[in-house]
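Scope of the values below: all heavy atoms of this structure, side chains included, with no hydrogens, waters or symmetry mates. Throughout, protein chains are lettered first and strands after them, A, B, ... in sequence-line order, and every chain is numbered starting at 1.
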Amino acid sequence: MTSVAIKDTYFSNAFRDRFATANDALGKLRQEAFEWFTQTGFPTVTLEDWKYTNVMPIANVDWRVADHPSDDVSEALGQVREFNFTRNGFTALNQAFAAYRVIRIPKETAGDEPIVLEFAAAAGEAIFPHTIVVAEAGSRATFVEIFASEEAGLTNSATQIFVEDNANLTHFRVQKDADDAFNYGVTEASVGRAACYDATSINLGGTISRHDIEVDFTAEGGEASVDGLYMLNASQHHDTHSIIDHRVPNCTSHQSYKGVLNDTSRGVFNGKVFVREGAHGTDAIQSNKNLLLSNEARVDTKPQLEIFNEDVKCAHGATVGQLEEEELFYLLTRGLPDALARNLLTYGFAEEIINKITIGSIKTELDAAVLNRLNAEI
Amino acid sequence: MLLEVKDLHAGIDGKEILKGLNLQVRKGEVHAIMGPNGSGKSTLSKVLAGHPSYEVISGTVTYDGKNLLELEPDERARDGVFMAFQYPVEVPGVSNSQFLRLAYNEKAKHNGGEELDPLEFNDLLKEKAKIVEMDPQFFKRSVNEGFSGGEKKRNEILQMAVLEPKLAILDETDSGLDIDALRIVAEGVNKLRTKDNAIILVTHYQRLLNYIVPDFVHVLAGGKVVKEGGKELALELEEKGYDWVKAAAK
């Protein structure tokens, strides 16, 4: 594997000071992960999965590692061990420095209030939140992560989601970092028997951001919606890599990702849906639609469906384009001036995803953020 | 005279479809434009609304004393021209009430009227919805998304009711409607008919004209008006079909 050489001066000092001598099981995991990172480094564009996303601007900064308190994970070590820290250099670093939060939704309970976590990195600071959410059998809850750095910090987060049998978890992930911040995040979700996982990822902020999401069905009858929006302007860069893995029969996954790209921004969508041998009765739909508002904006989209099975219902597709002329004409004939009509259509395009956010205060704020991006009042 | 079309030649993709069309519409009148497929009915609607794909080759269109062809589609709309679409467009993510309020306010701004906030507008919309027997649950839904054919057409007439055009062009509004939906739509249009506005009904069939009785019927063939008359002309067409007018056009 090709890697960037790691300067010995940062990360290693922080790690040496904090975790290098820890003897407990978690400490050993941290050491293993840091060792892997030391050898592997940050991913580079020579790797297929990173060819459009150059993280040198992150690798070149001498980050100050935040010292945030971590929950006791002795009860969740099994889950921590399941985390795929060798996914890339970021995930290894996260495992090494992770500030854990463990959230359990007890069996057969329904949380009335959403569980909301908010994260922010200060200028020059790197934070490593690692959240484990276990929705126990038959439970129902809404979990919200908000990434809202106001300065040029680095957020390197990991979120492990376990939706146990018959449980129902709605997960909103909102990334609205300052436009000079960096954000990497991975979501790993496992969906149990007849369980339901509904994920919506809104990506608005950051100079370079990437979200990896992987959803694995572990038993029959699971359902997952894995939706998202990236809305970019100026020279922002966002990359979503998604894997939805149908290993077992009779599961349903629907994925709709949308991109709105203005100015010289750049978007990347790579979505793999695997339908493994024996996963009959799979129903998988994937779509990625992109709206380019400027000639210099660019998106690279690659929806991939890999089916190793028959008796499945699968569809996928991607579009990249401008606003529909007929839609625009329709709005004009109702008296909306051209600029307003275009903004309204763009807003509607983004709102199709944002409308999934059922928490009023967050949705209102996102509506405003979208309008602000469009420089429009609607 | 509200609308005067003189010797209009227009087409699309370099193909001339309207070949010297004349039409005069006064306030308070309802005109039916009938004709076989390909006669230019839809082209006339699109040209009047200002569709960018259609090209005017020659002729003039005067609307309310202005050269209509010089106005952008949105300017025409704010000046009181409205076209109900044959195939209303779906606008995902934008609610019906949001969309209509924006349109209402743009027009109000243009005509020196009062702009309404969402609450005020909602009251207005509730009143207007009665005209087409539309359930207020449609206000919150995305414009036309997932609407049935009949619901879409009712939504068009609701928009007409909100925007109160001086000239409404209903392009094949009856197509794809069952008899109940047709009745609701037609009754809605009749309620909106006043001595200060004019309506152009573009239709292939006579059926709609049983409900909305026109003052004048113009029959198009080959891109021209080939026959004109009163409401009884529509019945004659229903009986004899279009072959005889097509023959007359040649």
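Ranked by heavy-atom pairs under 4.5 Å with chain A, the first of B:Ser95, B:Pro165, B:Pro73, B:Ser142 is B:Pro73. The candidate from B:Met83, B:Glu72, B:Lys107 with the greatest count of non-hydrogen atom pairs under 4.5 Å with chain A is B:Met83. If you tally non-hydrogen atom pairs under 4.5 Å between each of B:His51, B:Glu106, B:Arg76, B:Gln159 and chain A, the highest count goes to B:His51.
Rounded to the nearest 0.5 Å, atoms CD (B:Gln98) and CD (A:Glu351) are 7.0 Å apart.
Between the A:Arg334 side chain and the B:Ala103 main chain, no donor and acceptor come within less than 3.5 Å of each other.
A:Tyr330 and B:Phe85 have perpendicular rings, their planes meeting at more than 60° on a 0 to 90° scale where under 30° would count as parallel.
A:Glu326 is not listed as a side-chain neighbour of B:Tyr87, based on a closest heavy-atom distance of 4.5 Å or more. The shortest distance between side-chain heavy atoms of B:Phe99 and A:Leu344 falls below 4.5 Å.
Using a 4.5 Å cut-off between heavy atoms, B:Val143 contacts chain A through its side chain alone, with no backbone atom that close. Residue contact with chain B, scored on non-hydrogen atoms closer than 4.5 Å, is absent for A:Ile354.
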Passes side chain to side chain contact (heavy atoms under 4.5 Å, CB included), B:Asp74 versus A:Leu336? Steps please.
CA-CA 6 Å; B:Asp74 55 314; A:Leu336 303 188; 5.9 Å; no
Between A:Glu324 and B:Glu90, does a side chain to side chain contact (heavy atoms under 4.5 Å, CB included) hold up when you go through it step by step?
CA-CA 11 Å; A:Glu324 293 287 335; B:Glu90 298 187 2; over 6 Å; no
